[in-house]
Amino acid sequence: MATHAEPLLPNTEPVDQERLAWLALALTPGLGPRRILRAMRDAGSAEEILRLPLTGLEALQFPAAAVQHIADGKALDAANAELESLNKSGASFLTYNDADYPERLREIFDAPALLWIRGDATLLSKPAIAVVGTRHPTPYGSGMAEMLSRDLAARGLVILSGMARGVDTSAHKGALAAKGKTIAVWGTGIDVIYPKENKSLAEQIVSTGGVIVSELPMGTFPAPQNFPKRNRIISGMSLGVLVVEAGEHSGTRVTARCALEQNRDVFAVPGNVTTKNAWGPNTLIKQGAKLTATWEDIWEDLPAQIRVELEAGWELASKGPSAASLFEEAPLPPAETRVMSALRHDEALQLDEIMEKLEPELSSSEVFTALFELELAGRIKQLPGKNYVKTF
């Protein structure tokens with residue numbers, strides 16, 4: 001059950017030494033976010049905690065190792081070293097008391113005491129939808145994640161995800177394609193890009209006004225236990241969570257469970273029941289998640305005030321075509337039309353299969369030319385092994 005917690009101190013201009021003390025506590029072994037926030041309520045400030053004698057620290061119910069770490073000055077040393085690393089990387093951090101700390105995240109049971117960030121911190125409080133799913137999606141799953149993220153981002157919603165392979169990556173790319181904003185929540189330090197192939201995506205997110213977020217210190221490398229923990233942040237900052245594809249034992253279930261515990265809406269894209277990735281969303285739909293096929297399915301469930309605010313900022317021309325026209329295609333030459341009719345959204349076809357299907361009607365050179373033109377126009381996508389699929 002989500003509970004709302006007020007900021008511990010007034011949101012005045014942060015004092016450098018106070019914020020440094022927050023950083024010291026966050027880096028102290030054995031101190032989780034709930035223990036730190038409880039101690040803050042008792043002591044009044046992070047600086048005051050660091051000044052306490054051994055008996056005072058023990059009275060806060062800190063573990064013995066944490067007490068010694070603070071008393072020996074190691075916590076403050078670690079904070080200074082971390083601050084130097086942050087400055088070199090052009091990154092920063094937010095404490096639970098900072099004005100830019102996302103209000104929705106404060107509502108959850110175990111809100112992080114500290115967030116490490118790269119990018120525009122004010123984006124963290126904007127209305128956002130989390131888009132999550134398997135690391136091994138079908139072409140249909142990738143396409144739906146990208147299309148829905150693109151359509152929602154184009155209408156002012158921030159797209160939240162974890163920048164993992166698969167659905168997460170497609171979600172971020174969809175938001176960027178719409179020239180929208182996206183937030184990536186990492187299970188590593190914000191200077192450790194994972195997976196490595198998403199390096200350019202990470203830079204693009206930040207350079208276009210997005211944000212990278214982590215509750216882990218600089219230099220933290222991937223560890224299995226870190227990723228389920230970060231999922232509560234993804235759902236916690238969002239208005240709702242959209243599940244695209246997820247197997248029976250997918251980590252996406254953790255995010256969906258967090259969303260339900262945090263009283264967030266859960267949306268799910270239905271999948272083909274014969275594929276293992278359909279188990280997650282189809283099960284969620286049976287359990288009450290909203291079946292989602294278009295951006296409107298999410299939009300109509302947003303709080304009325306947020307819809308009004310976002311719609312006021314739309315730059316869609318009032319005399320422009322309706323939303324359905326986003327997916328209408330201009331007339332194609334006959335060869336390209338025939339190739340398109342042979343391809344599918346939900347299943348890739350190998351080049352040889354396409355040739356065989358079209359052999360009576362089109363020559364191999366016509367098929368090659370049509371595929372090239374369609375790919376150039378963004379109507380189809382080439383996957384590894386000369387496999388082709390329709391885009392959404």
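As the structure is a computational prediction, the values presented were derived from the model and not from experiment. We're numbering straight along the sequence, starting at 1.
Counting heavy atoms from C-beta on, the side chains of Tyr140 and Asn272 never come closer than 4.5 Å. Side-chain contact between Val211 and Ile205 is absent, with no heavy atoms from C-beta onward closer than 4.5 Å. Using a 4.5 Å heavy-atom cutoff, the side chains of Leu201 and Leu176 are in contact. At a threshold of 4.5 Å between non-hydrogen side-chain atoms, the residues Pro281 and Val269 do not count as touching. For the pair Ile285 and Pro270, the minimum side-chain heavy-atom distance is below 4.5 Å.
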Could you walk me through whether Asn198 and Arg165 satisfy the side-chain contact (heavy atoms from CB on, under 4.5 Å) test, starting with their C-alpha distance in whole Å, then the side-chain angles of each, then the deciding distance to 0.1 Å, before giving a yes or no? CA-CA 8 Å; Asn198 274 350; Arg165 294 184 181 96; 5.6 Å; no
Assess whether side-chain contact (heavy atoms from CB on, under 4.5 Å) is satisfied between Lys181 and Ile159, documenting all intermediate values. CA-CA 7 Å; Lys181 297 293 187 289; Ile159 301 300; over 6 Å; no
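Arg253 and Ser250 share no donor-acceptor pair across their side chains, judged by distance under 3.5 Å alone. Side-chain N/O atoms of Glu215 and Trp186 include no donor and acceptor closer than 3.5 Å. In the model, Glu296 has a side-chain atom that pairs as donor or acceptor with a side-chain atom of Thr294 under 3.5 Å. Counting only N and O atoms by type, the side chains of Thr255 and Asn231 include a donor and acceptor under 3.5 Å apart. For the residue pair Thr182 and His172, a side-chain donor N or O sits within less than 3.5 Å of a side-chain acceptor on the partner.
Here the side chain of Thr28 pairs no donor or acceptor atom with the backbone of Leu31 at under 3.5 angstrom. Although no hydrogens or angles enter the test, the distance criterion places no donor-acceptor pair under 3.5 Å between the side chain of Glu82 and the main chain of Pro217. A distance-only check finds a donor-acceptor pair linking the side chain of Ser238 to the backbone of Ser235 [under 3.5 Å]. With Glu356 contributing its side chain and Glu353 its backbone, the two residues share no donor-acceptor pair below 3.5 Å. Formation of a donor-acceptor pair under 3.5 Å by the Arg232 side chain with backbone atoms of Lys229 is found in this model.
Salt-bridge annotation for Arg338 and Glu361: present, with a side-chain N of the basic residue lying under 4.0 Å from a carboxylate O of the acidic one. No salt bridge links Lys386 with Asp352; every basic N to acidic carboxylate O contact stays at or beyond 4.0 Å.
Taking the six-membered ring for Trp and the full ring otherwise, the centers of Phe227 and Tyr194 sit less than 6.0 Å from each other.
Just one of Thr122, Leu124, Leu123 meets the side-chain contact (heavy atoms from CB on, under 4.5 Å) condition when paired with Pro102; it is Leu124. Shown are Thr134, Thr138, Thr252; of these, the side chain to side chain donor-acceptor pair (under 3.5 Å) with Glu245 is made only by Thr138.
Annotation: cation-pi geometry satisfied between Arg106 and Tyr96 (NZ/CZ under 6.0 angstrom from ring centroid, within 45° of ring axis). Both tests hold for Arg155 against Trp295: distance to the six-membered ring centre under 6.0 Å, angle to the ring axis within 45°.
Hydrophobic side-chain contacts under 4.5 Å tie Val389 into a cluster, directly or through other members, with Leu383.
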